[in-house]
Amino acid sequence: MAAERYNAPDRERHWQQVWRVQETFETRRDPAKPKYYVLEMFPYPSGRVHMGHVRNYTMGDVVARYKRARGFNVLHPMGWDAFGLPAENASMERGVSPKGWTYENIAAMRAQLQGLGLSLDWSRELATCDESYYKQQQKLFLDFYAKGLVYRKKSKVNWDPVDNTVLANEQVIDGRGWRSGALVEQRELEQWFFRITDYAEDLLAGLDTLDRWPDKVRLMQRNWIGKSEGARLRFKLSGEPLPGGKGELEVYTTRPDTIFGASFLAISPGHPLALVLAKKNPALKDFLAECARMGTSQEEIDKAEKKGFDTGVKAAHPFRTGAKLPVYVANFVLMEYGAGAVFGCPAHDQRDLDFANKYKLKVRPVVIPQDKDATNFKIANESYTGDGRIANSMFLDGMSVDAAKEEIIQRLEKKKIGKRETNYRLRDWGVSRQRYWGAPIPMIRCPECGVVPVPEADLPVTLPDDVTFDAPGNPLDRHPAWKHVKCPSCQGAAQRETDTCDTFVDSSWYFARFCSPHEDDRPVDPEACDYWLPVDQYIGGVEHAILHLLYSRFFTRAMRDCGHLNLAEPFAGLFTQGMVIHETYKDAGGKWLSPDDIRFADNGGEGERCVTTIDGAPVEIGAPEKMSKSKKNVVDPAVFQAHYGADTARWFVLSDSPPERDLLWSDDGAQGAWRFIQRVWRIVEDAAEKGAQPDAKKPPEFSADAMELRRAAHRALDKVAKSIEGLGFNRAIAASYEFANAFAPALQKSNDDSMKFAIREAAEIFSHIVNPFMPHLGEECWLRLGHNTLLANAPWPDADPALLVDDTVTIAVQVNGKRRDELVIARGASREDTEAAALKLDSVIRAIEGRPVKKVIVVPQRIVNVVA
RNA sequence: GCGGACGUGGCGAAACAGGUAGACGCAAGGGACUUAAAAUCCCUCGGUCGUAAGGCUGUGCGGGUUCGACCCCCGCCGUCCGCACCA
């Protein structure tokens, strides 16, 4: 019988239908089974699935299907991160409603994702723009407010002049808006904030428990939280410019041990003292204005010179009687950190040294490196920040840096002029956005009562549909009716908060909502969360290493403290996958070309050259880059899938590269995946004919060929299982190929009963190992092998340990560390036998050249090394 | 500047409790089957010397430890990523 080609698109539709009808992947709580929660970062509903999605969701699906087959009760849900600016932009460009646009996109993407055959529980689907979702988010907001975790303050904010909204610190990259790329401006605005800083220490400490997170991500969060331990101390000020000629100044330092090296104080241009002094000093005022003009971009900071302005004020050194330090306003001191003021110790801080050299200030070394002497240790242009002994510091002399820190802090505290203080870089999270398409913040501003929360019974605060985008700014703010409400407290006329939530709020708790997505009167069902959480394996892009992943960790703690959850860490395992990249093409004029616009032409015998399909003009092949519309190097999964099927795409995106690295998409590589699918199908069809029946009994003995096939099958089974457990999808795929290469020739061998059994067993194992990657093909093979159940529901077979080892092993034989031969030897062979056999080999004797054998190293099962 | 990761064939990569480097895939070359093509199957494929057997060499570069190093240590070079005046 001539084997028919496997028609992937057709069969895939069939199996997807079967799974849907049978509700194969709908999950219920079942305390009898161990649970496993697999989650991929949910997508923004742009309207089209791209290859990056395919790779991300396939990884999760492989894990989900594998764990399912291993007997876990697997939760694998999908939803939509559906609020955000693109919907408003679409509205402005095309006059559609943000809501309509979003839900249409969701429908389109849902259909595409379903076409990928993902083992998702669609009954749990949610979109953050669903009223039922943001209603509960508003409830959380009110809970947080009641708990003191939400507050309002006027503050300098990052203002994106293109998107017309505020950005969180985390959303400003190199001084530019993360979406618009516009230079961010500073503005004073009243904003809502989450007290993420209350959890700074806990968020930091929690990182140590996340042993299944990439070190890189933990490190990035650690740096972001930016804990520093030191002291805050007060200097007495004097000098004529001061009002009344007297005052005090607080500074923060992480190096209190270097207090005796202090030669000046520096305050930020935004410091209250600077502002006061500037009132009477026009030159200082000019200097402050100059500092304000200085940009915050990376370039400007890099180039910015350390500049200062001597205020004429003097500060008394707290320990060196009579010593007076000048007080400068300096452009490198940040108002937002610590006290907005520092003491400058030039010898042990590079910035202070640069500053001191410029303004001819004293440099007093007070920490002496171990190998140097206090008398000859000089600082020129490089500060010394290492460890050493303290010198020139009265009572601290001779101490180590750490001991000196302790001593000085105790003295400061005793003198009541300072105290130990820990600071964090982490700032509170500003969540107000002046946008329409987001979850309304459930607050009301009353002229009489001030800020009043919307009563729970009045939730949700629903977004009005009748808004216009014909003017800049927030449509909610100029909506004629929506914002005018009665004050819940005094019944007087009041106004709604017209700002909406940062969309990162929406994504900070969706993983918990998935545990009970249809709860109507509370955000989550704590019992359901107790069962399902934490997420066992979370998968997504590393670009969320700080933002989303830190916010979610904060939210989980805040929800815990409001009684909704019982855990601190939402994601027990995290995996950050690489991107899908593709070569780029440009014509002679530097214009980007799509892969469809190029072809390879013969180059007069000298290999091939790349030319355009239009006029044959030469094409320049550029570096592979992330697929993007602007570079025209996109491969559309929908188009690919219609031709080759989802399984081919799924297989290929996981095949060539390790999942944490970028995958280079190539049409040739994808063809290879397609060839493999056909090959699997041919092998299984052949095996179905040549192999034993489904209910065949295991024969008492196996032929040598049968044993060889069984070993190959069980080894592959073991290797694929271990690889998936370690998220080594590329290794699992390599093992599958390796097995196919062993299986195919075995089918041509003589066929006794034991071989028939082995062939069936191998075909079933083959179906199992490819199934997590190519689930439609898996089902098709399973059916062809005579099963009338779903492979999706079949347990993963255990590899037989006896079949994972051979009777004989091949070991390398080295002479003086150089491989000279190999030796096939019985598996249990003794050290002595192994050594004797090795020394008898001709190649070994030749290599020894008659020299006496000094030593023979034998590592059983591994290697023999003869030292001569 | 600070911190981190990574350098292996033409390409993507395997192998890392220190134990036969290059599994597997792509590309390339040769062959079989075809009237022909597609599809499929078989063979070769780090470099170099050799007809061959086999030898030498080889995991960014230079040292070191070891019977033995892609792996550990020291010093360089390069690429990528994150943070960035945080006192």
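Letters A, B, ... are given to chains in the order of the sequence lines, protein chains preceding strands, and every chain is numbered from 1. What you see is a predicted model; the values in this text were computed from it and never measured.
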Side chain of [X]: nearest nucleotide among [options]?
| X | options | value |
| --- | --- | --- |
| A:Phe332 | B:C56, B:C26, B:C85 | B:C85 |
| A:Lys855 | B:A87, B:C67, B:C24 | B:C67 |
| A:Arg820 | B:C67, B:C56, B:G19 | B:C56 |
| A:Ala734 | B:C26, B:C56, B:C24 | B:C24 |
| A:Arg425 | B:C67, B:C86, B:A14 | B:C86 |
| A:Leu334 | B:C86, B:A23, B:C41 | B:C86 |
| A:Glu822 | B:U20, B:G54, B:C24 | B:U20 |
| A:Trp224 | B:U20, B:C86, B:C83 | B:C83 |

In whole angstrom, what separates [X]'s [atom1] from [N]'s [atom2]?
| X | N | atom1 | atom2 | value |
| --- | --- | --- | --- | --- |
| A:Phe676 | B:C24 | CZ | C1' | 10 Å |
| A:Arg255 | B:A87 | CZ | P | 11 Å |
| A:Asn223 | B:G82 | CG | C1' | 8 Å |
| A:Lys719 | B:C24 | NZ | P | 9 Å |

Take atom [atom1] in [N] and the same atom in [M], then report the distance between them in whole Å.
| N | M | atom1 | value |
| --- | --- | --- | --- |
| B:U79 | B:G58 | C1' | 22 Å |
| B:U20 | B:A32 | C1' | 33 Å |
| B:A28 | B:G82 | C1' | 40 Å |
| B:A5 | B:U57 | P | 34 Å |
| B:C43 | B:C6 | C1' | 36 Å |
| B:C71 | B:U59 | C1' | 10 Å |
| B:U48 | B:A38 | C1' | 39 Å |
| B:G1 | B:A15 | P | 35 Å |

Partner nucleotide of [N] by Watson-Crick or wobble geometry (both distances under 3.5 Å):
| N | value |
| --- | --- |
| B:C76 | B:G60 |
| B:U40 | B:A32 |
| B:G1 | B:C83 |
| B:G18 | none |

Would you call the rings of [X] and [Y] parallel, tilted or perpendicular if under 30° counts as parallel and over 60° as perpendicular?
| X | Y | answer |
| --- | --- | --- |
| A:Tyr6 | A:Trp681 | tilted |
| A:Phe355 | A:Phe332 | perpendicular |
| A:Phe676 | A:Tyr737 | tilted |

Answer yes or no: does a side-chain N or O of [X] lie under 4.0 Å from OP1 or OP2 of [N]?
| X | N | value |
| --- | --- | --- |
| A:Arg682 | B:C41 | yes |
| A:Lys818 | B:U57 | yes |
| A:Arg862 | B:G18 | no |
| A:Arg661 | B:G12 | no |
| A:Arg675 | B:C26 | yes |

message: I'd like to know if A:Lys306 reaches the base of B:C85 with its side chain such that a donor and an acceptor end up less than 3.5 angstrom apart.
response: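 Such a pair is found, so the answer is yes.
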- prompt: Does a distance-only test, which skips hydrogens and angles, find a donor-acceptor pair under 3.5 Å between the side chain of A:Asp668 and the base of B:C26?
  reply: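 When only heavy-atom distances are counted, A:Asp668 does not reach the base of B:C26 through any donor-acceptor pair under 3.5 Å.
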field: Short N-O contact, A:Lys690 and A:Asp686, less than 4.0 angstrom
entry: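 Salt bridge flag = yes for A:Asp686 with A:Lys690.
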query: Between A:Glu738 and A:Arg715, is there a side-chain N and carboxylate O pair less than 4.0 Å apart?
result: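 No, this pair does not count.
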- request: Specify the glycosidic conformation (syn or anti) of B:G50, with syn defined as within 90° of 0.
  value: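 Anti, angle beyond 90° from zero.
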task: Considering non-hydrogen atoms only, spot the tightest contact between A:Ala200 and A:Ile225 and give its length.
output: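 Answer, listing the atom of A:Ala200 first, then A:Ile225: O-CG2, 3.9 Å.
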Candidate pair A:Arg420 and A:Glu229, rule salt bridge (Lys or Arg N to Asp or Glu O under 4.0 Å), full reasoning: CA-CA 8 Å; A:Arg420 190 185 303 276; A:Glu229 291 171 282; over 6 Å; no
